[in-house]
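As structure tokens, the structure follows; a few thoughts come after it.
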Amino acid sequence: MPELPEVETTRRGLAPHLEGKRIRGVVLRRPDLRWPIPKEIESVLPGQRIDAVRRRAKYLLLDTAAGSALLHLGMTGSLRVLPASTPIGAHDHVDLQLSSGRVMRFNDPRRFGSLLWQPAGETHELLRALGPEPLADEFDGDYLFARSRNRKAPVKTFLMDQGVVVGVGNIYAAESLFRAGISPLRAAGKVSRERYAALAAAVKDILAYAITRGGTTLRDFISPDGAPGYFEQELSAYGRGGQPCPTCGRPLKFANIGQRASVWCGHCQR
DNA sequence: CAAGAGGCCTGAGGGC
DNA sequence: TGCCCTCAGGCCTCTT
């Protein structure tokens, strides 16, 4: 499930294939993904040149002079750059035909992903309420401390709120809280400034490192070498419920928190 | 405003 | 071997 490192890895894989190329045509095999695909994708995008491939939160933005195509990978979305002759497979919903002769193909079995449009100079509604980027300087312990006062929701839920900070999903929330030694069940408003400093540092370290590993869950990758993500080999908590804590050896606890599967160490995380 | 629940969607995996 | 059920979960939207 793509979180920030996977989306960033995708962006880095796509950029050399897309930047400076022109979009020759768009093929939509369904009229909608999570939301209806806006008409501009077919009426405005063809003929545009892609000036840059950017990432904001878990969205990818393909910038053109007319505006930006917004892509979200949802749970199961993937983007690949392929020879135009590559046969269509199941769940291949969208093609962008490139002036290089290749196509960027959007595959998404569960269709939680989206393809949207943002006119030049405007910010799409869905991007407006997003919190800061976790790797930006403005995201730190003091910020988390200030935002969390009087919040009674579990700190894990708070950390996964995209209005608080973007890009941290279930995997990296579990790993960051483990690293910082904070119980995911603790009320967000009851975590000290010092411990939030440790948490912010853990989020930054883990996300940055996961990016260097190519993310956690990308398998069908778009780069020419087809490299998958390797970070899953280094997960301490996520998906390891019942197994020994890497630090103290006691069995890791497992429960749903905020309707999300959660794993933590009842001894090391308080 | 905050918090919790519902819903979207399909493949994987377990049980029988 | 094959069917059925449950689960996975980002994140928007609705309800309380």
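In what follows, chains are A, B, ... by sequence order, proteins preceding strands, each numbered from 1. Because the structure is predicted, anything quoted here is derived from the model rather than measured.
- Taking only side-chain nitrogens and oxygens, A/Tyr238 comes nearer than 4.0 Å to OP1 or OP2 of C/dG9.
- Taken residue by residue, residues 143-153 of chain A places heavy atoms nearer than 4.0 Å to DNA chain B at A/Arg151, A/Lys152, A/Ala153.
- Close to B/dG11, at under 4.0 Å from its OP1 or OP2, lies a side-chain N or O of A/His91.
- For the pair A/Asp32 CG and B/dC9 C1', the interatomic distance rounds to 11 Å; values are reported in whole Å.
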*With the sugar-phosphate defined as primed atoms, P, OP1 and OP2, and the base as all remaining atoms, what B/S/- string results for nucleotides 11-16 of chain C, 5' to 3', for protein heavy atoms under 4.0 Å?*
BB----
*asked:* Apply salt bridge (charged side-chain N to carboxylate O under 4.0 Å, His left out) to residues A/Glu8 and A/Arg12 and explain how you reach the verdict.
replied: CA-CA 6 Å; A/Glu8 178 61 23; A/Arg12 294 180 184 188; 2.8 Å; yes
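- Rounding to the nearest 0.5 Å gives a distance of 13.0 Å between CZ of A/Arg80 and CE of A/Met104.
- Here C/dA8 presents its P atom at 13 Å from CD1 of A/Ile257, a figure rounded to the nearest Å.
- Through chains of ILVMFWY side-chain contacts below 4.5 Å, A/Ile257 is grouped with A/Leu185, A/Trp264.
- An end-to-end axis angle of 50° holds for the helix from B/dA2-C/dT16 to B/dC16-C/dG2, taken from five base pairs per end and rounded to 10°.
- Among pairs with a residue in residues 127-149 of chain A, none fulfils ring pair (Phe, Tyr, Trp, His ring centres under 6.0 Å), at least two apart in sequence or across chains.
- Within the structure, the ring pair (Phe, Tyr, Trp, His ring centres under 6.0 Å) test picks out the following pairs touching residues 66-103 of chain A (sequence neighbours left out): A/Tyr59-A/His72.
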